[in-house]
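Notes follow once the structure below has been shown.
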Amino acid sequence: MIAVIYYAYGAPKSIDDVQPYFNHILNGRPVPPQMLEGIEEAFKKSGFPDFIRSSTERIANALQTTLNSKLDKEIRLYNAYKHTAPFVEDVYNEAVQAGAGTIVTLSVNPILSVSGGGAVHTEVAELVKGSNIRHIAIDNWHLDEGIINVYAERVRRAFNWLPVEAQKSAYVLFTAHSQPIVPERSEFYAKQFEELAAAIAKKANIERFQPVYRSGKSEGWLAPNVKDAMKSLQAEGAEGFVTCELLSVSADVESYSEINEECRKLATELNVSFATSEFLGDSFDTVMALTALIEKHIQAI
């Protein structure tokens, strides 16, 4: 049996899980009350259950169906998270007990971050040491053709939604979560982000685009910030913006609030047209692209 662990940073089941989720992120330290209030409000504001858990569970269920229909091997999909249950080690042990001889790890993040999406590869690599279990880490897939095609469809659809006149000067702003500037980590992260943005823009025939960052804490983090970019480009004559988040296949509360709400509000203040590219999510084309990605790695066994 081949087990595929589909991994995300964290995904609360209930609003009651938000506090322990962030306690875990802070290594057990209590979340400051004011900070916790803001975080819980962001989760409540959308009115939806957590995007990541809903989407990743549906994607895993769909991938199990598609992969088993295409391959002559038994494939089982498991969800695992870094800061909420089920955790990677628990899922790994469950898969081994079920008879897994090969474990494939795949993150929701096309862009490889050592402490984010890359953490699952590192953890499982340690767990398989001394065993006969094969580990296949699917990383560096930011230029996978199938994934780029899905992103390009989303971007082109959003760009075409803008008024025709605005399209003449509009920019697509590709976004990802900023990181502290630590050369051995952030340079690789930024390189993959920029490569993915350029590949999508080329496929979607977008001439004006820029990779920018969100959620930066202070100086010393990757820049430019998406809002600063919007202000600068509007001053130079841009009359429209499309944002496209590239850190994760599935939406998350932070990017949803920052892009869908804060950037939209800024666009209104700047009196420019604005549209948000849809996340890939658990749609049919995303599932089929991920199926092909996993299939390529499994067939190489």
Side-chain angles (χ1 to χ4, degrees), residues 3-12 21 24-25 50-60 63 77-92 95 103-128 135-144 146-148 150-151 174-180 182 184-197 199-200 211 213-216 221-222 244-256 279-282 286-287 289-291 293-294 296-297:
V4 179
I5 298 177
Y6 189 55
Y7 169 88
Y9 195 69
Y21 170 28
H24 197 277
I25 291 173
D50 179 65
F51 300 111
I52 287 285
R53 183 172 289 272
S54 299
S55 181
T56 56
E57 288 182 355
R58 286 193 289 261
I59 289 173
L63 288 173
L77 267 290
Y78 296 85
N79 288 110
Y81 306 97
K82 184 174 182 178
H83 293 295
T84 56
F87 297 103
V88 173
E89 185 172 2
D90 297 329
V91 169
Y92 171 85
I103 293 184
V104 179
T105 49
L106 173 66
S107 168
V108 300
N109 309 111
I111 304 164
L112 185 64
S113 167
V114 174
S115 61
V120 65
H121 307 315
T122 303
E123 188 168 353
V124 172
E126 286 296 317
L127 291 168
V128 300
H135 174 218
I136 299 174
I138 302 181
D139 53 12
N140 300 319
W141 54 281
H142 63 295
L143 295 181
D144 177 78
I147 293 297
I148 289 170
V150 181
Y151 272 117
F174 293 100
T175 61
H177 198 295
S178 186
Q179 288 193 356
V182 181
E184 61 270 24
R185 293 189 177 189
S186 56
E187 287 180 6
F188 182 74
Y189 175 84
K191 181 175 182 290
Q192 287 204 346
F193 174 39
E194 291 165 7
E195 289 175 344
L196 177 55
I200 296 167
Y213 294 92
R214 58 175 180 80
S215 308
W221 285 59
L222 293 171
C244 177
E245 171 70 15
L246 297 184
L247 181 61
S248 171
V249 165
S250 299
D252 63 273
V253 167
E254 188 173 58
S255 61
Y256 183 86
F279 277 82
L280 273 57
D282 51 12
T286 302
V287 170
L290 291 175
T291 297
L293 175 67
I294 297 169
K296 281 187 293 188
H297 285 79

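As the structure is a computational prediction, the values presented were derived from the model and not from experiment.
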Roughly how far apart are [X] [atom1] and [Y] [atom2], rounded to 0.5 Å?
{"X": "His121", "Y": "Leu112", "atom1": "NE2", "atom2": "CG", "answer": "6.0 Å"}
{"X": "Tyr9", "Y": "His83", "atom1": "OH", "atom2": "NE2", "answer": "3.5 Å"}
{"X": "Ser178", "Y": "Leu222", "atom1": "OG", "atom2": "CG", "answer": "4.5 Å"}
{"X": "Leu246", "Y": "Ile200", "atom1": "CG", "atom2": "CD1", "answer": "4.5 Å"}
{"X": "Arg214", "Y": "Glu245", "atom1": "CZ", "atom2": "CD", "answer": "4.0 Å"}
{"X": "Leu293", "Y": "Leu63", "atom1": "CG", "atom2": "CG", "answer": "9.5 Å"}

Between [Y] and [X], is there a side-chain donor-acceptor contact under 3.5 Å, judged purely by atom types and distance?
{"X": "His24", "Y": "Thr84", "value": "no"}
{"X": "Glu254", "Y": "His177", "value": "yes"}
{"X": "Thr56", "Y": "Tyr81", "value": "yes"}

Which atom pair, heavy atoms only, marks the closest approach of [X] to [Y]?
{"X": "Ala119", "Y": "Lys82", "result": "CB-NZ, 4.3 Å"}
{"X": "Ala60", "Y": "Asn79", "result": "CB-OD1, 3.5 Å"}
{"X": "Ser255", "Y": "Phe279", "result": "OG-CZ, 3.4 Å"}
{"X": "Gly216", "Y": "Trp221", "result": "CA-CE3, 3.9 Å"}
{"X": "Val91", "Y": "Pro86", "result": "CG2-CB, 3.7 Å"}
{"X": "Ile5", "Y": "Ala80", "result": "CG2-CB, 3.6 Å"}

Do [X] and [Y] come within less than 4.5 Å of each other through their side chains, counting heavy atoms only?
{"X": "His297", "Y": "Val104", "value": "no"}
{"X": "Asp282", "Y": "Thr286", "value": "no"}
{"X": "Asp252", "Y": "Leu247", "value": "no"}
{"X": "Tyr6", "Y": "Val249", "value": "yes"}
{"X": "Leu106", "Y": "Val120", "value": "no"}
{"X": "Leu196", "Y": "Pro110", "value": "yes"}
{"X": "Leu280", "Y": "Tyr151", "value": "yes"}
{"X": "Ile103", "Y": "Ile136", "value": "no"}

The single option from Phe174, Phe188, Tyr213 that satisfies ring-ring contact (aromatic ring centres under 6.0 Å, His included) with Phe193 is Tyr213
Worked check of ring pair (Phe, Tyr, Trp, His ring centres under 6.0 Å) between Phe51 and Tyr256: CA-CA 9 Å; Phe51 300 111; Tyr256 183 86; 4.8 Å; yes
Donor-acceptor pair, [X] side chain versus [Y] backbone, under 3.5 Å?
{"X": "Tyr92", "Y": "Leu127", "value": "yes"}
{"X": "Asn109", "Y": "Ile111", "value": "no"}
{"X": "Thr291", "Y": "Val287", "value": "yes"}

Worked verdict on Ile138 versus Thr105 for side-chain contact (heavy atoms from CB on, under 4.5 Å): CA-CA 6 Å; Ile138 302 181; Thr105 49; over 6 Å; no
Between Glu187 and Lys191, does any side-chain N to carboxylate O distance fall below 4.0 Å? no
Quick one: do Tyr78 and Asp90 satisfy side-chain contact (heavy atoms from CB on, under 4.5 Å)? Show the steps, please. CA-CA 11 Å; Tyr78 296 85; Asp90 297 329; over 6 Å; no
